[in-house]
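Counting starts at 1 for both ligands and their atoms, in listed order.
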Amino acid sequence: MEILVVGSGGREHAICWALSKSKHKPKLFCAPGNAGISALAEPVDIMADDIPGLVDWVKANTPDLVVIGPEIPLALGLTDELTKEGVLVFGPTKDGAQMEASKDFTKQLLLSSLVPTARAATFTDPVKAQLYLKKQTVPIVIKADGLAAGKGVTVCETLAQAQLAVEEAMEKKVFGDAGTKVVIEEFLEGEEASILAFCDGETVVPMVSAQDHKRVFDGDQGPNTGGMGAYSPAPVVTPEMNEYILEKILKPTVTALKKRGIVYKGVLYAGLMITPQGPKVIEYNCRFGDPETQVVLPRLKTDFVDICLAVAKGQLDRIKIEWDERPTACVVMASGGYPGSYQKGKTIEGLEEAAKLPNTYVFHSGTAQQGGQVVSTGGRVLCITGMGENIAKALETVYAGVKAIQFDGCHYRKDIGWRALNR
Ligand code: AMP
Ligand code: GLY
């Protein structure tokens, strides 16, 4: 069996690793991949957003399955194009990817199906948006409607900040076309958690919960990043809450998608705020999270190829998905300067030593091979995952792995999992 994975980050490394353990012993390809992924999958020199290039490769190589990691190819309709070629695809169609690519689309879908979420109003006219803002209380959240590489959301403490955020998105177009439409949303108080779910268009099966750490510095300080670390499970999500999330959030969402003619196949990722009134949806993503995948997939006990095939074929009801009880945690090692403009091309030492440590997984995010060495190429460079009998042990393991690795300018958070430890 041959499988193409699309993407090049820590998430895709974890996806390739989980696929590689399958009893099907698949031959893996990854477009474009990275230095870590190339140990598991043959690199394909096509970028993840090059839709015609990927379609041509698939036509020529006819893999049995394509697993799409990032949101951009999904939003550009890669699944639609590959499905036309008769290929099995793990990842939603362009219509389904609107769950992430349009905050307004998702908001309307949630409100129409009574899924708990923040109150919100959508604007295309900046004058009307500013008039509306004057009648709101703060804090308030301003969201560019479209994809903005995770930067389109501004949580505003004052009215002046909110007015500026609206002006920047709608008039100064700092997020390009993504800010033509803006969603102004009620601020939700609480602790955040991510629930990723497998979905085959009909059946939805939640994975174990996770919590990521978006701010760059310890104590949740500093600017937002793609994610600096994560752990699973998130104890804020109780077993009763899991049931509520499945019945009142995930299932009604899939039903609402079906009503709109969308057969959603892939991962439905719910970003939740656990408020005093219960879990509410902050956002949906149309893919695995990064770095949530790096803590969730190491806990998966069921054959991942079987799951991906079942999702793509609409047969998810036929398999039972099982998880390791032991918690996991991961720490992202980032380049000097990240999330601002960052250093590249730094030689990474200690990768082999770290990978030999027990219960430790070294996932590459932004790396490349250069003259027999592994060098940094991205803002997020590595993601180290550890597993343990409890969250404290998992964190001990992960930080031992982190300490074994060095590169110039590297920084990482030293307090991953603090909320879970404080409980
Ligand atoms: P997103 O890009 O949609 O994940 O949003 C980025 C971050 O903004 C989230 O992880 C939350 O911390 C915060 N956020 C988004 N929407 C809200 C909201 N309605 N209330 C409070 N915080 C929010
Ligand atoms: N870790 C957040 C995301 O993948 O969107």
Check: Thr360 side chain, Pro358 main-chain N or O, donor-acceptor pair, under 3.5 Å: yes
Check the orientation of Phe198 and Phe304. Use parallel for under 30°, tilted for 30 to 60°, and perpendicular for over 60°. tilted
Is the closest side-chain heavy-atom distance between Thr83 and Thr93 below 4.5 Å? no
Hey, is Ala230 one of the residues with a heavy atom under 4.0 angstrom from ligand 2? no
Shortest protein heavy-atom distance from atom 13 (C) of ligand 1, along with the residue and atom involved: Val155 CG2, 3.8 Å
Given 3.5 Å as the limit, does a donor-acceptor pair link the side chain of Ser232 with the main chain of Ala210, or not? no
Starting from atom 11 (C) of ligand 1, what is the nearest protein heavy atom, named by residue and atom, and what distance separates them? Glu192 OE2, 3.2 Å
Using a 4.0 Å cut-off to any heavy atom of Val141, which atoms of ligand 1 qualify? 16 (N), 17 (C), 18 (C), 19 (N), 20 (N)
Within the structure, does Phe187 bring an N/O atom to less than 3.5 angstrom of an N/O atom in ligand 1? no
Minimum-distance protein heavy atom relative to atom 15 (C) of ligand 1: Ile282 CG2, 3.3 Å
Indicate whether the side chain of Lys107 and that of Thr117 have a donor and an acceptor atom separated by less than 3.5 Å. yes
Does any N or O atom in Asp290 lie less than 3.5 angstrom from one in ligand 2, N or O only? yes
Which residue and atom name correspond to the protein heavy atom nearest atom 1 (P) of ligand 1, and how close is it? Glu283 OE1, 3.4 Å
Answer with yes or no whether Gly227 contacts ligand 2, where contact means a heavy atom under 4.0 Å from a ligand atom. no
Those atoms of ligand 1 less than 4.0 Å from some heavy atom in Lys103: 3 (O)
Determine, using heavy atoms of Tyr269 and all atoms of ligand 2, whether some pair is separated by less than 4.0 Å. yes
Using distance alone, determine whether Glu292 and ligand 2 share an N or O pair under 3.5 Å. yes
If you have a sec, work out which protein heavy atom is nearest atom 7 (C) of ligand 1 and how many Å separate them, to one decimal? Val153 CG1, 4.4 Å
Between Ser22 and Asp303: side-chain donor-acceptor atoms closer than 3.5 Å: yes
Any idea which protein heavy atom is nearest atom 5 (O) of ligand 2, and the distance to it? Arg287 NH2, 2.8 Å
Which ligand 2 atoms, with their elements, are less than 4.0 angstrom from a heavy-atom of Asn285? 5 (O)
Consider every N or O of Asn224 and every N or O of ligand 1, then say whether any pair is closer than 3.5 Å. no
Atoms of ligand 2 under 4.0 Å from any heavy atom of Gly289, numbered from 1 in the order shown, are 4 (O)
Which of the numbered atoms in ligand 1 are below 4.0 angstrom from a heavy atom of Lys143? 15 (C), 16 (N)
Need the ligand 2 atom indices (1-based, order shown) with element for anything under 4.0 Å from a heavy-atom of Asp212. 1 (N), 2 (C)
Check whether any side-chain heavy atom of Met99 sits under 4.5 Å from a side-chain heavy atom of Leu257, and report yes or no. yes
Within ligand 1, which atoms have a heavy atom of Lys214 less than 4.0 Å away? 4 (O), 10 (O)
Verdict with supporting geometry, Asp306 and Lys320, salt bridge (Lys or Arg N to Asp or Glu O under 4.0 Å): CA-CA 10 Å; Asp306 283 343; Lys320 186 170 184 327; over 6 Å; no
For atom 19 (N) of ligand 1, grab the closest protein heavy atom and report residue, atom and distance to one decimal in Å. Glu185 OE2, 2.7 Å
Show me which atoms of ligand 1 lie under 4.0 Å from any heavy atom of Met273. 21 (C), 22 (N)
Can you tell me if Arg11 uses its side chain to pair, donor with acceptor, with the backbone of Gly289 under 3.5 Å? no
Within 45° of the ring axis of Phe175 and under 6.0 Å from its six-membered ring centre, is that where the NZ or CZ of Lys173 lies? no
Test side-chain contact (heavy atoms from CB on, under 4.5 Å) on Lys251 and Val204; report intermediate values, then the result. CA-CA 7 Å; Lys251 283 188 181 172; Val204 52; 3.7 Å; yes
Atom indices of ligand 1, in the order listed, that fall short of 4.0 Å to a heavy atom of Glu186: 18 (C), 19 (N), 20 (N)
Mark yes or no for whether Gln277, through its side chain, and Thr275, through its backbone, hold a donor-acceptor pair below 3.5 Å. no
Give a yes-or-no answer on whether the side chains of Thr122 and Asp104 include a donor-acceptor pair shorter than 3.5 Å. yes
For the pair His13 and Phe363, name the ring-plane relationship: parallel under 30°, tilted 30 to 60°, perpendicular over 60°. perpendicular
Ligand 1 versus Leu188: contacting region, heavy-atom distance under 4.0 Å: both
